[in-house]
Asker: 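To start, I am sharing the structure in question, which I have written as structure tokens.
Source: prediction; values computed, not measured. Letters A, B, ... are given to chains in the order of the sequence lines, protein chains preceding strands, and every chain is numbered from 1.
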Protein chains: 2
Amino acid sequence: MADAPPPLDRVQLDAYFALIEVVGLLRHAVEQQLREAGDLSYVQFQLLARLNDAPTGSHRMTDLADGVVYSRSGLTYQAGLLEKAGLVTRAPSAEDERSITVTITDDGRARVAKVLPGHAEVISRMLLEPLSRDDVEALAGLLEPVRDHMRATPPRSAATRRRRR
Amino acid sequence: MADAPPPLDRVQLDAYFALIEVVGLLRHAVEQQLREAGDLSYVQFQLLARLNDAPTGSHRMTDLADGVVYSRSGLTYQAGLLEKAGLVTRAPSAEDERSITVTITDDGRARVAKVLPGHAEVISRMLLEPLSRDDVEALAGLLEPVRDHMRATPPRSAATRRRRR
DNA sequence: ACCAGGTGCTTCGAACTTGAAGCACGCCAC
DNA sequence: GTGGCGTGCTTCAAGTTCGAAGCACCTGGT
């Protein structure tokens, strides 16, 4: 054994626990709202929202999976459900025969529009309410570098295959 | 219908997305480390950690479920696994015939001790590294009120099955 | 003492998730 | 061009998750 790893101090633990707990509670609330308002799971909503924001209204499967931090096989399943529901379409990419391009349909956009207000309402009530405008700015300012760090550093999350050079 | 709910602005969305994304990535990394280091899922680790920190080394099922933001039935399942693995014991409470008291065993404490250093290492590398000491303090200071707010706010509709302490 | 409603936990079924294995295409050095 | 490896997606089996329903106990009002 080399040096014992430095244990975390009180403040670090506080920040970590608060982070996990806040997101856990928030996700629960959001999930419930999405289910009631538009019969969507959280992942499905995230996928539709991403497609809805994309200039072309479409993305590759892999990019979607990475974007929402999800397994590839899980994405295949969810994309299948969304397609069955008529909210997206799947088509092989012209440029790369291997890729599938997922595109949001008008029904998909409508569904997003339908649940969005309630979604915003939950975020406001649960997360934003106890924070001042400056607080929210500070929070975003703190977390964004962390996200970038995590995206850049790690050995590519749950992918069986990684490595590229 | 009353007023249309106010949509979220850029900064609010940034904070929200960063929050969700950071925790998603962090959880993935932590989960992998826990699995490799001690064959524990994240929930199982959270449960053991809570029991380990408790003065008595035990908690009621419901309190555990609330603490880690988990369904009751899910907790029954996980507690069963932990018991089978000899990391906790379950016994009916003396005071309340309905409750089950879950207690961590010596093996359970040993398991926590075994995975803890690696856990701390992941938190440090992924979450804490890009943050200054002041940043970490600020983060905790921002999130703790939010957590308390969320804990206090009733789940709007599911008010039936609630209350405690 | 009674009973009506609340609380604590488990069971059950159905849905979801994941990594590993598998297939097909793309890239590149030879 | 062609073999070999990397990449994109799907299939598969096993494990996990949740809500609803069910059972047992507890509490407060009468």
Side-chain angles (χ1 to χ4, degrees), chain A residues 24 27-32 34-36 39-47 58-85 88 90-102 156-165, chain B residues 24 27-28 31-32 34-36 39-47 58-85 88 90-102 155 157-165:
Chain A
R27 268 191 74 128
H28 247 267
V30 167
E31 230 143 43
Q32 196 171 319
L34 289 175
R35 185 62 72 192
E36 288 172 10
D39 198 42
L40 289 176
S41 72
Y42 191 55
V43 198
Q44 291 169 343
F45 171 73
Q46 282 183 298
L47 296 174
S58 54
H59 275 304
R60 296 189 317 150
M61 294 284 283
T62 289
D63 295 337
L64 280 175
D66 277 355
V68 301
V69 188
Y70 218 62
S71 71
R72 274 109 212 274
S73 52
L75 183 58
T76 294
Y77 178 75
Q78 289 296 344
L81 291 184
L82 289 175
E83 186 176 40
K84 199 159 300 181
V88 305
R90 276 190 291 187
S93 163
E95 302 158 11
D96 187 336
E97 276 302 321
R98 293 169 304 179
S99 349
I100 298 288
T101 300
V102 182
R156 250 334 243 327
S157 64
T160 308
R161 309 178 220 164
R162 29 197 148 107
R163 261 321 137 154
R164 163 169 244 197
R165 47 188 28 176
Chain B
R27 268 191 77 129
H28 249 269
E31 230 143 42
Q32 195 171 320
L34 289 174
R35 186 61 72 193
E36 288 171 11
D39 199 43
L40 289 175
S41 72
Y42 192 56
V43 198
Q44 291 169 344
F45 171 72
Q46 282 183 296
L47 296 174
S58 53
H59 275 305
R60 296 188 317 149
M61 294 284 283
T62 288
D63 294 336
L64 280 175
D66 275 356
V68 301
V69 189
Y70 217 61
S71 71
R72 274 105 213 265
S73 52
L75 183 59
T76 294
Y77 178 75
Q78 288 296 345
L81 290 185
L82 288 175
E83 186 176 41
K84 199 158 301 178
V88 306
R90 276 190 290 187
S93 163
E95 303 160 9
D96 188 335
E97 277 301 323
R98 292 167 304 176
S99 341
I100 298 288
T101 300
V102 182
S157 60
T160 315
R161 203 93 158 161
R162 265 202 108 266
R163 209 213 65 76
R164 238 206 97 264
R165 213 188 291 264

Asker: Per the side chain to side chain contact (heavy atoms under 4.5 Å, CB included) rule, which among A/L47, A/V43, A/V88 passes with A/L64?
Answerer: A/L47

Asker: May I have the distance from A/R35 (atom CZ) to D/dT17 (atom P), rounded to whole angstrom?
Answerer: 17 Å

Asker: Please find the pair of heavy atoms, one from B/S41 and one from B/L34, that lie closest to each other, and give the distance.
Answerer: O-CD1, 4.3 Å

Asker: Mind listing the residues from residues 90-98 of chain B sitting with a heavy atom below 4.0 Å of DNA chain D? Number order is fine.
Answerer: B/D96, B/E97, B/R98

Asker: Using atom CE of B/M61 as one end and atom P of C/dC9 as the other, report the distance to the nearest whole Å.
Answerer: 6 Å

Asker: Measure from CD on B/E31 to C1' on D/dT17 and round the result to the nearest Å.
Answerer: 13 Å

Asker: Rounded to the Å, how far apart are A/D39 CG and C/dC16 C1'?
Answerer: 14 Å

Asker: If you look at every strand shown and take non-hydrogen atoms under 4.0 Å, does B/L64 touch a base, only sugar-phosphate, or nothing?
Answerer: nothing

Asker: Would you say B/T62 places a side-chain N or O within less than 4.0 Å of OP1 or OP2 belonging to C/dT7?
Answerer: no

Asker: How close do B/S71 and B/A65 get, heavy atom to heavy atom, and via which atoms?
Answerer: O-CB, 4.4 Å

Asker: Can you measure from CD (B/E36) to CD (B/Q32) and round to the nearest 0.5 angstrom?
Answerer: 5.0 Å

Asker: Check the distance between D/dT17's P and B/L75's CG and give it to me in whole angstrom.
Answerer: 11 Å

Asker: Rounded to the nearest angstrom, tell me the gap between atom CG in B/L47 and atom C1' in D/dT17.
Answerer: 14 Å

Asker: Could you measure the distance from the CD atom of B/E97 to the CD atom of B/E95? Nearest 0.5 Å is fine.
Answerer: 11.0 Å

Asker: Quick check: on DNA chain D, is the nucleotide nearest A/R60 upstream (toward 5') of the one nearest A/H28, or the reverse? Name the residue that is more 5'.
Answerer: A/R60

Asker: Counting just side-chain N and O atoms, does B/Q78 come under 4.0 Å of either OP1 or OP2 of D/dT17?
Answerer: yes

Asker: Considering all heavy atoms of both residues, which atom of B/S58 and which atom of B/T101 are nearest to each other, and what is their separation?
Answerer: CB-CG2, 3.6 Å

Asker: Between C/dG19 and A/S73, counting only base atoms on the nucleotide and side-chain atoms on the residue, is there a donor-acceptor pair under 3.5 Å?
Answerer: yes

Asker: Describe the nucleic acid contact of B/T76 in one word from base, sugar-phosphate, nothing, applying a heavy-atom distance below 4.0 Å.
Answerer: base

Asker: Counting side-chain heavy atoms from C-beta on, which of D/dC18, D/dG8, C/dT10 comes nearest to B/Y70?
Answerer: D/dC18

Asker: Tell me the interatomic distance from A/L81, atom CG, to C/dC16, atom C1', rounded to whole angstroms.
Answerer: 9 Å

Asker: Have a look at B/S99 and say if it touches a base, only the backbone sugar-phosphate, or nothing, with a 4.0 Å heavy-atom cut-off.
Answerer: sugar-phosphate

Asker: How many whole angstroms separate atom CG of B/L82 from atom C1' of D/dG15?
Answerer: 15 Å

Asker: Quick one: on DNA chain C, does A/V43 or B/I100 contact a more 5' nucleotide (nearest heavy atom)?
Answerer: B/I100

Asker: Which atom pairs, one a donor and one an acceptor, fall under 3.5 Å between side chains of residues 74-81 of chain A and the rest of the protein, sequence neighbours left out?
Answerer:
| unit_1 | atom_1 | unit_2 | atom_2 | d |
| --- | --- | --- | --- | --- |
| A/T76 | OG1 | A/R72 | O | 3.3 |
| A/Q78 | OE1 | A/Q44 | NE2 | 2.8 |

